[in-house]
Amino acid sequence: MAVITGSHPFGLWVVTVSWQGDAVYRVHFGRTGPSGPIHPLIRRYLMGQEVDLTGIASPADEGDGKTAAIYRAVRKVGYGEVATYGEIAETVGTAPRAVGQAMARNPTPLVIPCHRIVSKHGIGGFTPPIEIKKDLLAMERAVCSGRKGRI
DNA sequence: CAGTGTTCAGGAT
DNA sequence: ATCCTGAACACTG
């Protein structure tokens with residue numbers, strides 16, 4: 001059984017996902033991507049539905065190192081919520097820069113919501129174009145505020 | 001050893 | 001109020 005690679009549009013971008021069963025191995029943003037199916041939950045997420053992606057397995061958060069612990073902490077950040085590098089660092093017991101380092105090497109954005117981790121003073125960084133991070137956050141915020149008059 | 005998707009404090013404009 | 005430095009922290013290749 002081979003790993004499936006497919007893509008789905010998100011705004012002006014195309015999200016390419018390599019996955020198999022309930023495990024996602026790689027997520028990549030680009031202008032174009034191969035035709036093929038992607039993980040159902042990620043597809044619904046990209047279509048603007050509030051879905052819980054914590055059920056998806058990612059090789060990144062399995063391990064013994066600090067990085068894996070950071071990824072697990074990041075995954076606890078819920079849909080439409082944000083946390084700072086410093087908060088994640090304090091949870092795991094490490095330094096903010098280690099969190100940034102881990103985010104920069106995140107193999108599976110969305111599954112591990114690195115876009116919800118922002119700098120204390122601004123939006124923070126993002127290895128693909130920062131526009132994507134802004135769009136993702138804007139979408140989640142819109143969905144959350146859209147559900148029955150809450151904030 | 002060097003490079004980060006940080007953070008904090010200080011000082012200048 | 002905004003912007004710039006410099007320093008210290010933890011982790012990975």
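Proteins get letters first, then strands, A, B, ... in listed order; numbering begins at 1 in each.
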Rounded to whole Å, the CG-P distance (Asn106(A) to dG5(B)) equals 13 Å
Hey, which of Ile4(A), Ile42(A), Leu110(A), Thr5(A) is the one that makes side chain to side chain contact (heavy atoms under 4.5 Å, CB included) with Val17(A)? Ile42(A)
Need one value for Gly124(A): base, sugar-phosphate or nothing, where a base atom within 4.0 Å counts as base even if backbone is also close, heavy atoms only. nothing
What parts of residues 91-103 of chain A reach DNA chain B, counting only heavy atoms under 4.0 Å away? Pro96(A), Arg97(A), Gly100(A), Gln101(A), Met103(A)
Pull out every residue in residues 57-75 of chain A that has a heavy atom closer than 4.0 Å to any atom of DNA chain C, ordered by number, or say none. Lys66(A), Thr67(A)
Residue pairs involving residues 14-44 of chain A (criterion ring-ring contact (aromatic ring centres under 6.0 Å, His included); sequence neighbours excluded): Trp19(A)-His39(A)
Identify, residue by residue, the members of residues 111-120 of chain A with a heavy atom below 4.0 Å from DNA chain B, and return them in order of residue number, or none. Cys114(A), Ile117(A), Ser119(A), Lys120(A)
Can you check the Phe29(A) CZ to dG5(B) C1' distance for me, whole Å? 14 Å
Phe126(A) CZ to dT4(B) P: how many Å, rounded? 18 Å
Name every donor-acceptor pair, under 3.5 Å, that has one atom in a side chain of residues 90-108 of chain A and the other anywhere in the protein, sequence neighbours excluded.
{"unit_1": "Thr91(A)", "atom_1": "OG1", "unit_2": "Glu87(A)", "atom_2": "O", "d": "3.0"}
{"unit_1": "Asn106(A)", "atom_1": "OD1", "unit_2": "Thr108(A)", "atom_2": "N", "d": "3.0"}
{"unit_1": "Asn106(A)", "atom_1": "ND2", "unit_2": "Ile112(A)", "atom_2": "O", "d": "3.1"}
{"unit_1": "Thr108(A)", "atom_1": "OG1", "unit_2": "Ser58(A)", "atom_2": "OG", "d": "3.0"}

dG5(B) pairs with, by Watson-Crick or G-U criteria that keep both distances under 3.5 Å: none
Going by the rule side-chain contact (heavy atoms from CB on, under 4.5 Å), which residues pair with Glu131(A) if we only count those two or more places apart in sequence or in a different chain? Trp13(A)
Distance, rounded to the nearest Å, where Leu136(A) contributes CG and dG5(B) contributes P: 18 Å
In whole angstroms, how far is the P atom of dT7(B) from the CD1 atom of Ile88(A)? 11 Å
Please give, in whole Å, the distance from dG3(B) P to Arg105(A) CZ? 14 Å
